[in-house]
Amino acid sequence: MSYGIEHTAHKDYTGAKIGMWLFLFTEFFLFFGPVLLYTIYRFRYHAAFTASSHELDLAIGSINTAILLTSSLTMAVSISALQRDRTKLSLWMLAATFVLGVVFLINKYFEWTEKFSHGMYPGGEALAGGPPGQGVFYGLYFFLTGLHGLHVLAGITAIGVLAFMVLKKKVSAADHVRLENAGLYWHLVDVVWIYLFPIFYLVR
Amino acid sequence: MYENGEKHYIARYTTLVMVWVSLIGLTWLTVKISGIGFGTFSIIAPFLIASIKAFLVVDYFMHLKYERPFFKWILLVVLGTVIILAWLVYEDVAYRPL
Amino acid sequence: MSIRESYLESGPGSKLASWIFSTDHKRIGLLYLAVIMSLFFVGVTLGFLMRLELITRGPTIMEAQTYNSLFTLHGVIMLFIFIIPVTTSVFGNFMLPIMIGARDVAFPRLNLLSWWIFVAGTILAITTLILGPADTGWTFYAPYSLISGQYVALAVFAVFVLGLSSILTGINMVTTVHRLRAPGMTWHRLPLFVWAIYATAWILVIATPILGVNLLMIIAERFFGIGVFDPAKGGDPILYQHLFWIYSHPAVYVMILPSLGVIAEIIPVFSRKTVFGYKAIAYSSIGIAALGSLVWGHHMFVSGYSYTAGVIFSLFTFLVAIPSAVKVYNFVGTMYKGSIVVDTPFYFVLAFIYMFAVGGLTGVILGALSINIHLHDTYFVVAHFHYIKFGAAALGFFAALHYWFPKVFGRMYNRRFANWSLLIFFIGFNLLFLPMFVLGYEGMPRRYFDYLPQYANLQYLSIFGSWVLVIGIAMMFGNLIKGLFRGKPAPQNPWGAATLEWQVPSPPPKENFREIPEVKHNPYHFENVRRELD
Ligand code: HEM
């Protein structure tokens with residue numbers, strides 16, 4: 001159902017990409033806000049932030065980083081494969097990306113529940129007595145990783161939809177910009193994590 | 001299908017895999033050196049490494065390297081904006097009597 | 001020329017569906033117009049009631065709590081639903097593609113989606129009106145917004161959703177201007193309105209997400225107490241103000257730039273002369289957009305932030321007056337030695353220039369650090385921003401309505417009546433807001449439902465002005481609505497303008513152009529066009 005005028009069958013590949021990049025920049029600014037707050041509070045509550053970051057599990061954080069980086073690779077390979085008309089490989093790579101995204105979220109889930117069980121969440125008993133900086137650290141931690149988790153969720157949904165479209169030949173070697181745009185989105189999610197990782201786990 | 005037969009860049013698998021190897025390597029490095037505690041540098045180093053990683057992802061996985069200049073320009077505008085905004089906010093917090 | 005189907009005609013099938021699911025940029029423009037104008041009248045009613053409350057001292061028709069909710073809702077509706085989107089979404093959608101010689105925007109379906117998101121945001125905002133409107137002021141300052149018992153989170157979420165719609169519109173406009181210009185439509189042949197929308201769209205893309213995440217943090221604070229802005233938990237409420245104004249000050253330019261673009265379209269047409277300093281006007285749009293993003297701190301002079309920041313922000317504030325003044329000089333320079341035809345849209349322009357000058361100059365006064373401390377949060381500020389946002393930005397939108405009305409609807413309104421309604425609007429407006437400058441200077445604070453006896457006389461004058469103003473608005477829109485149904489059919493190019501939208505029939509056909517035109521001149525080349533009105 002479309003009530004617009006019939007558009008002639010011309011697709012603006014570059015236009016679609018410009019649109020996507022602009023959207024990625026808005027996502028970038030979305031994360032910029034809380035990260036700016038983080039830099040400020042880091043200086044203000046130096047000791048509390050360092051101590052809190054020691055409480056996070058560096059091993060899980062590193063594994064999750066590796067998972068997301070690998071999923072970025074599979075995504076990029078999937079695009080290359082589709083462009084070369086190797087649909088099957090492309091689909092397998094999309095499936096791998098999807099699974100890696102899910103594993104990332106599962107890890108995150110365990111990480112969060114572990115903190116919750118120790119009462120380390122905003123308003124939890126473990127943080128009530130601590131220095132003010134500790135509360136802010138966990139506030140930012142849950143907000144930013146939560147926001148990022150939502151983006152991962154959106155990303156894997158998009159990947160699922162696109163796998164379906166590739167299967168139905170709606171996205172193909174001849175018309176692949178939608179897969180490329182989904183890939184751009186997925187890589188942005190990865191870039192955001194590349195920065196969240198040192199912010200919460202490494203600067204100790 | 002696409003108008004005026006624009007050429008699309010198709011990444012080579014080997015390039016992609018090499019980028020991935022470097023990304024994992026950098027991650028290993030940054031984990032190794034964290035918490036060593038060599039002063040200010042231990043704050044700067046992780047972010048430096050993160051920026052190299054982000055650059056690799058943006059340039060190779062996202063193909064920015066092969067895009068037309070316009071895309072690079074907007075990236076510069078965005079980064080410039082971010083730096084100026086942050087600087088102005090720091091002008092406040094750095095000099096505020098607490 | 002054979003008659004082609006105009007975009008207003010629907011095929012068989014449901015009429016309503018053919019509008020609300022239309023991906024035609026012209027229909028979407030009108031959809032926005034319908035929603036936004038309804039909400040505008042709600043906002044006017046709220047403003048009118050607030051003024052009425054002050055007709056006697058003490059509670060007259062409402063209690064303090066109600067007054068607080070009213071000014072919050074008035075602010076949210078007028079800013080986020082009316083003035084920020086109005087010109088960009090209505091005329092940016094309707095006119096911009098035609099002006100650059102395109103058949104539609106770059107992403108027509110995304111365009112429809114933004115309208116639906118906008119409607120969702122509007123419905124959320126109205127829901128708070130029924131449940132218990134926020135009482136924080138439209139700024140939602142922490143920490144009060146974290147503890148207020150009203151439905152603050154819902155109101156904040158409404159604004160977030162409206163912002164999402166703005167972002168998508170912004171992305172669409174930027175891409176359209178980059179990709180869909182007709183052959184020969186070089187950057188320096190773009191009509192100035194297109195430049196203005198282009199600059200606006202960039203601000204929307206860059207600044208809106210920062211407001212968005214700030215609002216999300218307020219919501220997270222209210223539900224989970226993440227503590228980033230709550231001083232009781234170690235947060236810093238001044239940082240909320242920073243992030244808020246990083247968006248909300250550039251938003252002022254989102255309101256005014258499209259209107260400046262409209263004025264820049266109208267003046268050359270009625271002076272029958274190419275615009276004076278095309279490049280200066282075009283680039284000053286970009287200059288205003290860029291510099292305007294660096295002055296947000298002048299809203300925070302008394303917040304207790306650092307003195308250094310205050311000095312820097314004060315300096316930038318003075319600087320941003322320069323590109324604004326460049327525009328006004330160019331407008332006047334265009335009229336100079338032109339063969340001016342005085343007609344309704346031109347009267348709007350004259351009123352606009354006066355309002356913009358008053359609003360802009362009082363802004364420079366407020367930008368001075370020391371004076372600001374005296375005037376902060378007084379009626380002086382209220383008067384200042386109504387001059388800019390209502391007197392200038394909204395009036396520029398009304399000017400656009402009167403200028404493009406014959407093109408959009410294919411009918412003409414009663415121009416003589418429109419002139420009278422403008423005069424009454426103008427008198428009412430100044431009666432309402434000029435006294436507020438004096439009141440503010442004498443110390444009347446804003447956001448109070450009550451006042452001391454020495455302010456009574458000027459308050460009466462201002463209240464009387466609000467009645468005149470409402471009559472003016474009613475006349476203006478009554479006239480337009482009458483023209484919509486009973487007006488004489490309008491010719492293709494009533495005013496004798498040279499931009500592309502006047503080279504297609506009124507109202508425009510569905511596909512805009514049968515063939516994409518080739519552009520050979522700058523948009524203000526009046527040699528081959530002539531006015532078709534008597
Ligand atoms: C008939 C038209 C209008 C009237 C009578 C009116 C009147 C008022 C009044 C009485 C206040 C509250 C002053 C106070 O006590 O602090 C106010 C606030 C405000 N008005 Fe209007 N106004 C009108 C139109 C507009 C328009 C068109 C806009 C924007 C485009 C606008 C934007 C605002 C804003 C942003 C506030 C501040 C709200 C706050 O303090 O949070 N108003 N107006």
Side-chain angles (χ1 to χ4, degrees), chain A residues 1-8 10-41 44-45 48-49 116 121-124 127-128 130-144 146-147 150 181, chain C residues 7 10-11 13 17-25 27 103-104 106-110 112 167-168 170-172 174-176 178-180 201-202 204-214 216-217 220-221 224-236 239 242-243 246 510-512:
Chain A
M1 176 170 60
S2 165
Y3 291 94
I5 53 164
E6 287 310 315
H7 294 276
T8 39
H10 121 120
K11 287 220 167 181
D12 185 2
Y13 173 83
T14 309
K17 276 227 181 149
I18 294 182
M20 192 64 203
W21 274 93
L22 287 174
F23 181 69
L24 295 188
F25 288 130
T26 68
E27 294 280 9
F28 177 78
F29 278 107
L30 195 74
F31 283 96
F32 164 71
V35 169
L36 181 69
L37 296 188
Y38 165 88
T39 60
I40 292 165
Y41 289 129
R44 195 171 294 171
Y45 302 120
F49 266 51
F116 273 77
Y121 53 91
L127 296 186
Q134 199 189 15
V136 176
F137 179 88
Y138 278 102
L140 281 170
Y141 168 75
F142 282 109
F143 184 81
L144 271 168
L147 195 62
L150 286 178
N181 277 349
Chain C
Y7 78 100
S10 302
S18 81
W19 278 89
I20 60 174
F21 298 121
S22 170
T23 54
D24 180 349
H25 67 104
R27 288 196 165 195
R103 293 196 197 281
D104 208 323
F107 311 113
R109 273 181 300 172
L110 186 71
L112 180 62
I167 289 179
L168 297 181
I171 292 177
N172 221 335
V174 172
T175 316
T176 306
H178 274 280
R179 298 299 298 168
L180 296 184
W202 268 112
L204 287 177
V205 169
I206 289 186
T208 318
I210 298 182
L211 175 74
V213 77
N214 207 18
L216 285 184
M217 285 193 274
E221 280 270 19
F224 310 115
I226 59 171
V228 288
F229 296 132
D230 188 348
K233 298 186 174 128
D236 182 349
L239 294 179
H242 275 299
L243 290 189
I246 284 181
K510 281 204 167 85
E511 75 280 22
N512 296 349

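Hydrogens, waters and symmetry mates are skipped; everything else that's a heavy atom, side chains included, is used. In what follows, every chain begins at residue 1, and chains take the letters A, B, ... in the order their sequences are listed. All values derive from a computational prediction rather than experimental measurement.
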> Among C/Leu168, C/Val205, C/Ile206, whose side chain to side chain contact (heavy atoms under 4.5 Å, CB included) with A/Thr26 holds?
Replying inline: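 When side chain to side chain contact (heavy atoms under 4.5 Å, CB included) is applied between A/Thr26 and each of C/Leu168, C/Val205, C/Ile206, only C/Val205 qualifies.
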> Picking from A/Phe143, A/Tyr138, A/Tyr121, A/Phe142, what satisfies side chain to side chain contact (heavy atoms under 4.5 Å, CB included) with C/Ile226?
Replying inline: A/Phe143
Shortest non-hydrogen contact between [X] and [Y], atoms and distance:
X: C/His178; Y: A/Ile18; result: CB-CD1, 4.5 Å
X: A/Pro122; Y: C/Gly225; result: CB-O, 3.4 Å
X: C/Phe107; Y: A/Gly15; result: CZ-O, 3.4 Å

pair [X]-[Y]: side-chain heavy atoms closer than 4.5 Å:
X: A/Phe32; Y: C/Val213; result: no
X: A/Tyr38; Y: C/Val228; result: no
X: C/Asp236; Y: A/Ile40; result: no
X: A/Asp12; Y: C/Thr175; result: no

> Between A/Ala48, A/Gly19, A/Ala16, A/Gly135, which residue shows the highest count of heavy-atom pairs closer than 4.5 Å to chain C?
Replying inline: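 Among the listed options, the one with the most contacts to chain C is A/Gly19.
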>> Quick check on the interface: out of C/Leu216, C/Ile246, C/Thr176, C/Asn172, who has the most heavy-atom pairs with chain A under 4.5 Å?
In response: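 Heavy-atom pairs under 4.5 Å are most numerous for C/Leu216.
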>> At a 4.5 Å cut-off on heavy atoms, which part of C/Ala106 comes close to chain A: side chain, backbone, both, or neither?
In response: neither
> Where does C/Ile167 contact chain A at under 4.5 Å (heavy atoms): side chain, backbone, both or neither?
Replying inline: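 The answer is the side chain of C/Ile167.
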> Does any heavy atom of chain C fall under 4.5 Å from the side chain of A/Tyr45, the backbone, both, or neither of them?
Replying inline: side chain
> Short question: side chain of A/Tyr41, backbone of C/Gly234 - any donor-acceptor pair under 3.5 Å?
Replying inline: no
> Which is it for C/Ile210 and A/Leu36 under the side chain to side chain contact (heavy atoms under 4.5 Å, CB included) test, yes or no, and what are the steps along the way?
Replying inline: CA-CA 11 Å; C/Ile210 298 182; A/Leu36 181 69; over 6 Å; no
